[in-house]
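Every chain is numbered from 1, with letters handed out A, B, ... down the list of sequences.
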Amino acid sequence: MPSPAPSDDILTRPRRHPPMNPPMSTERYNAREAEPRWQKIWDERGIYRTRNDDPRPKYYVLEMFPYPSGRIHIGHGRNYVMGDVVARFKRMKGFNVLHPMGWDAFGLPAENAAIERKTHPREWTYENIATMREQLKLLGLSLDWSREIATCDVDYYGEQQRIFLDFFKGGFVYRRESEVNWDPVDNTVLANEQVIDGRGWRSGALVERRKLAQWFFRISDASDELLAGLDTLERWPEKVRLMQRNWIGRSEGLHVRFALENPAPELPQEIKVYTTRPDTLFGASFLALSPGHPLTETLAATDPALKAFVEECRRGGTSTAEIETQEKMGYDTGLTVAHPLGGPHLPVYVANFVLMEYGTGAIFGCPAHDQRDYDFASKYGLPITPVVLPPDADPASFELDGGPYEGDGTLFHSGFLNGMSVPEAKEAVAARLEGELLGNSAVGERAVNYRLRDWGISRQRYWGCPIPIIHCDACGPVPVPQDQLPVRLPDDVSFDQPGNPLDHHPTWKHVTCPHCGGPARRETDTMDTFVDSSWYFARFASEPGTAPLQKAAADHWLPVDQYIGGIEHAILHLLYSRFFIRTLKKLGRVSIEEPFAGLFTQGMIVHETYKDTAGKWLFPEEVEKRPDGTAVKVGTGEPVTVGAPEKMSKSKRNVVPPEIVADTYGVDCARWFMLADTPPERDSEWTSAGIEGAWRFVQRIWRLVGDTTALAPADTPMPDRFGDEPMALRRASHRLAAQVADDVERLRFNVAVARVHSFANQFGDAIGAARKAGVTPDWAFALREAAAFLVAVVAPMVPHLAEECWAGIGGAGLAAEAGWPEIDPALLVEDTVTLPIQINGKRRGEITVPKEASPGEVEKAVLALELVSQALDGRAPKRIIVVPQRIVNVVA
RNA sequence: GCGGGUGUGGCGGAACUGGUAGACGCGACGGACUCAAAAUCCGUUUCUGGUGACAGAGUGUCGGUUCGAGUCCGACCACCCGCACCA
């Protein structure tokens, strides 16, 4: 899924040292020593292994699994850390948490690596996985590694083949011709990202469109339910739901059949168009067919000029930028159609802007009320008749001012529609045309259209899940029999020649037909990797070593309670997964419909970029910032240009490897930094000042806890009475636990961090006060409690430090297995409240009253204040507004 | 073009359903400790005027609703994101 950029020379890169003494003295928390030690203990005790038969309520938290591209940098870590905080927090709250990890391991880069470095895609992939697994472990994530999977594991893709065949038998898959990008020099199919400026990325040849038979999933049949399902996804960002809604693109309109006049015998009797503006039918001045329309093809067979025109339309890239700038082009076929409502006869054109894939591949053009039709009609001298009159315009004098009018209004020049509003006219036309016959069926038929197209899953590639079909000349496409599954990828493949290695493998594709026993060929296409990622979250539900997709396990764990990933997957991955799970339900393989109950899209980590005088990108470690704001190259003093913060990427070298952060500050600092300051959905800038701030705070927690254990004896019993100050500290401790729990539930990590900071300030003051006053039993208890609460509250965020502190205060077991602090509700309630006093809306003072004081009592107390009587200057106030617990406003 | 979002100190950002704007952090400045430095601790830090208690202004701009607006409404400006010949 995300495509992390590898960084090759991390281990030789210069290190930045911590801003202080080496963290070795006993005064300081030594993360470098403590972190691996705790990770080993967690690992040995297997505390993050999840069992399906655990009776506690389940909670499934998942981060989008990575593509194993090589190495991760710190920019990739943010979503894993956020997920980890949620997982650890929910464990403390008593849930049986599933928090797994895997690899989106098929895909093109492995084949490119095979070509460039002569390594096998399998080796390259599994080596990358090994590296990245260690890097992720370094982050101290509480993952159940026993459930790890890679989509290129035979077990996984074998199950996927079974699912494909279920889809096939259920009628959710079909095969049809579809266009691909064809590189005529390399004789190979190119992915969209391999086409650069209309040319093959490797050969530089102009890319052609070529038709190939390919497999499709019938996702467009599910348009309506996918759309309706969005309304049930209350814990998804509104933005993502909107993007999916637009992508599905439902529209309501009318199919209208136009009778061809004097058609030649080989031609059809009619042309069917789709329109969402039947109200503008009297303004129609032409019909336009797509170059790919069947009628176009029929006509082109006997009309060389039309054939040339169609070919010209085919040329040119498929990129949106090109389509966007393309001029409207048309070809007059000489045919005409009758107007269904008795208007003038209309010429039939073929036009480059009419899409075959949408609607019926044919339109009627109403130039006065559609920009595209207006452009077209202007170019070809077709009539432009306004039929919708804008509000307040005069029908006698109304003229278009240089463009179409696409707004609302009243119909005119439109026969029986005159005077109607646009919606009324739409309805009237639909009703009229439904009742009229052309041949044996109605001229008009109401229709719903979707923008969503079927999902083409065929890829002419080696490193993907083989499509388990055998092609027989006699029997057609035949499923691979169950006992011959999985269809394994052959290992002995060569990447010496262009094209699909499966296709030119000497033996692999030659098989006998399971049906008739005759000679047959395997399908050599593999599946789109989006198929792999459409059900991996269901695979994690099964215990390791068991069948990959188990109904009971999937029904137990799904839907994912909290899914976390980048916004770039807002449409395809999430929509495909939704379709996949719905289809699996229809096939009886799971019982749920929506795979992800809660979705969160996190922001990226960005970093400044650096260039030397030669324009070469520099790593952050190669750059030294001067106090005057300029930057120079370490060692040489050469000036460095500092660029704006951008997404971390290998090519721009603005990456920070997790190893260096772990070595210098410890990963807890990195985790704290990633959670602090910036709201999690926004991009966050990685800075050395920020990580140093995190380092200081980690040390601060350590000191607060250390000071407490030195001052207050362990196991101090709870005294009957508390002094004001210890009581205030207790209130703060309990409030902290309540508020941070709320913040984490709402994924407001930056706010949670701020609260912890704020509490630390208060805790520090309390320690000072206790020292001064003498550590009485009430102080001792309050301090110990504060330390225990603080450690527990930060445990999800800085788990290693928490363990070290937990051990220091004599906590039972591991912090990772401790529960969330028990909050005494009585301590969350204050008995007095301080209200600000406004005079005429401006804050002029405040008053402290008992919490239960009635508005009348508050009013009396406020009026008694000197600042109020001064402001009133003897007059009676016009009005006093008392908002209980909030504010008092005196209107003088 | 269509749809959506965001605008708050030098910076990242807080502010529950309309109720003390600037929490918390970063940076900066001043001080304590130290032979000195680092670390740590304390204080100041929206702007303007004033030595000062204090006064005035202030959440992109303009207007509105309200006792009270960062928050709600209308118009506009800027930036960001998504989609884009979808009939």
Suppose you measure atom P in B:rG7 against the same atom in B:rC73; what distance do you get, rounded to whole Å? 15 Å
Go through the structure and list residues passing salt bridge (Lys or Arg N to Asp or Glu O under 4.0 Å) with A:Arg78, not counting sequence neighbours. none
Distances for protein N or O near nucleotides 52-58 of chain B N or O, under 3.5 Å:
residue : atom : partner  : partner atom : Å
B:rG56  : OP2  : A:Arg844 : NH2          : 3.3
B:rA57  : OP2  : A:Lys842 : NZ           : 3.4

Rounding to a whole Å, what distance do you find between A:Asp370:CG and B:rA84:C1'? 14 Å
Mind checking what makes salt bridge (Lys or Arg N to Asp or Glu O under 4.0 Å) contact with A:Glu866, not counting sequence neighbours? none
Under the side chain to side chain donor-acceptor pair (under 3.5 Å) rule, what pairs show up with a residue in residues 879-892 of chain A, not counting sequence neighbours? none
Show me, pair by pair, the donor-acceptor contacts under 3.5 angstrom made by side chains of residues 736-746 of chain A, not counting sequence neighbours?
residue  : atom : partner  : partner atom : Å
A:Asp742 : OD2  : A:Arg746 : NH1          : 3.1
A:Asp743 : OD1  : A:Arg755 : NH2          : 3.4
A:Asp743 : OD2  : A:Arg755 : NE           : 2.7
A:Glu745 : OE1  : A:Lys90  : NZ           : 3.0

Taking the side chain as everything from C-beta on, heavy atoms only, tell me whether A:Pro680 gets closer than 4.5 Å to A:Asn750. yes
Are any of A:Arg879's side-chain N or O atoms less than 4.0 Å away from OP1 or OP2 of B:rC67? yes
All heavy atoms of A:Pro237 vs all of A:Thr601, minimum pair found to be CG-OG1, 4.3 Å
Ranking B:rU20, B:rA14, B:rC85 by distance to the side chain of A:Asn352, first place goes to B:rC85
As a quick check of understanding, evaluate salt bridge (Lys or Arg N to Asp or Glu O under 4.0 Å) for A:Arg245 and A:Asp231, giving each step before the final call. CA-CA 10 Å; A:Arg245 240 173 241 132; A:Asp231 295 335; 3.4 Å; yes
Pairwise P distance, B:rG43 and B:rU48 [rounded to whole Å]: 24 Å
Indicate whether OP1 or OP2 belonging to B:rG13 is found under 4.0 Å from a side-chain N or O atom of A:Arg682. yes
Report all interatomic pairs (protein N or O, nucleotide N or O of nucleotides 70-75 of chain B) with separations under 3.5 Å.
none

What does A:Ile881 touch in the nucleic acid at a heavy-atom separation under 4.0 angstrom: a base, only the sugar-phosphate, or nothing? base
What's A:Asn889 touching, base or sugar-phosphate or nothing? Going by heavy atoms closer than 4.0 Å. base
Here the distance between atom P of B:rA39 and atom CH2 of A:Trp702, to the nearest Å, is 21 Å
So does A:Tyr358 get a side-chain nitrogen or oxygen closer than 4.0 Å to the phosphate oxygens (OP1/OP2) of B:rA87? yes
Would A:Ser378 and A:Tyr374 satisfy side chain to side chain contact (heavy atoms under 4.5 Å, CB included), going step by step from the backbone distance to the final call? CA-CA 6 Å; A:Ser378 306; A:Tyr374 186 90; 3.7 Å; yes
Intra- and inter-strand pairs of RNA chain B in dot-bracket (Watson-Crick or G-U wobble, both distances under 3.5 Å; | for another strand): (((((((..(((......[....)))((((((.......))))))((((....))))..(((((..]....))))))))))))....
Determine the Euclidean distance between corresponding P atoms of B:rG64 and B:rC11; express it in Å to zero decimal places. 30 Å
Over all heavy atoms of both residues, which pair between A:Ala425 and A:Asp279 is shortest? Give the atoms and the distance, please. CB-CB, 3.6 Å
Any N or O donor-acceptor pair under 3.5 Å from the base of B:rC67 to the side chain of A:Lys878? no
Testing B:rC67, B:rG3, B:rA14 for proximity to the side chain of A:Pro679, the answer is B:rA14
Are A:Thr385 and A:Phe282 close enough that some pair of their side-chain heavy atoms sits under 4.5 Å apart? no
According to side chain to side chain donor-acceptor pair (under 3.5 Å), does anything in residues 357-368 of chain A pair up with another residue at least two apart or in another chain? List the pairs. A:Ser251-A:Tyr358
Working note: A:Glu830 + A:Arg735, criterion salt bridge (Lys or Arg N to Asp or Glu O under 4.0 Å); need CA distance, chi angles, decisive distance, verdict. CA-CA 11 Å; A:Glu830 305 283 346; A:Arg735 202 164 49 233; 3.1 Å; yes
Measure the acute angle between the ring planes of A:Phe697 and A:His757, then classify it against the limits of 30° and 60° as parallel, tilted or perpendicular. tilted
Which heavy atom of A:Val656 sits nearest a heavy atom of A:His607, and at what distance? CG2-CD2, 4.0 Å
Find the distance A:Asp707:CG to B:rU40:P and express it as a whole number of Å. 14 Å
Scan residues 443-450 of chain A against RNA chain B and write down, sorted by residue number, each residue with any heavy atom closer than 4.0 Å; if none is found, say none. none
Contacts of A:His734 meeting ring pair (Phe, Tyr, Trp, His ring centres under 6.0 Å) (sequence neighbours excluded), chain-then-number -> A:Phe789
Of the nucleotides B:rG13, B:rA39, B:rA87, which has the atom closest to the A:Arg28 side chain? B:rA39
Does A:Phe376 have its ring centroid less than 6.0 Å away from the ring centroid of A:Phe286? yes
Test log, rule side chain to side chain contact (heavy atoms under 4.5 Å, CB included), inputs A:Thr280 and A:Asp370: CA-CA 10 Å; A:Thr280 63; A:Asp370 182 283; over 6 Å; no
C1' spacing across the pair B:rG4 / B:rG56, given as an integer number of angstrom: 39 Å
Check the distance between B:rA87's C1' and A:Asp375's CG and give it to me in whole angstrom. 14 Å
Would you say B:rG12 has OP1 or OP2 under 4.0 Å from some side-chain N or O of A:Ser684? no
Taking syn as any angle within 90 degrees of 0 and anti as the rest, which one fits B:rG9? syn
Heavy-atom nearest pair, A:Ala861 first then A:Ile847, reads CB-CD1, 3.7 Å
Students often get this wrong, so: under 4.0 angstrom with heavy atoms, is A:Val883 touching a base, only sugar-phosphate, or nothing? base
Counting just side-chain N and O atoms, does A:Arg886 come under 4.0 Å of either OP1 or OP2 of B:rC16? no
Proximal nucleotide (of B:rU40, B:rG3, B:rU20) relative to the A:Arg703 side chain: B:rU40
Can you give one letter per nucleotide of nucleotides 21-32 of chain B, going 5' to 3': B for a protein heavy atom under 4.0 Å from the base, S for sugar-phosphate only, - for none? --BSSSS-----
Heavy atoms only, 4.0 Å cut-off, all strands: where does A:Val354 land among base, sugar-phosphate and nothing? base
Where the side chain of A:Thr275 is concerned, which of B:rC85, B:rA84, B:rA87 is the nearest nucleotide? B:rA87
Taking CG from A:Leu242 and P from B:rC2, how many angstroms apart are they, rounded to a whole number? 16 Å
Scanning both residues in full, the closest heavy-atom pair of A:Leu433 with A:Pro340 reads CD2-CB, 4.1 Å
Within residues 736-746 of chain A, those residues having any heavy atom closer than 4.0 Å to RNA chain B are none
Please evaluate residues A:Arg250 and A:Asp224 with respect to the criterion salt bridge (Lys or Arg N to Asp or Glu O under 4.0 Å), reporting the C-alpha separation (whole Å), side-chain torsions for both, the decisive distance (0.1 Å), and the verdict. CA-CA 8 Å; A:Arg250 184 181 199 273; A:Asp224 243 346; 3.4 Å; yes
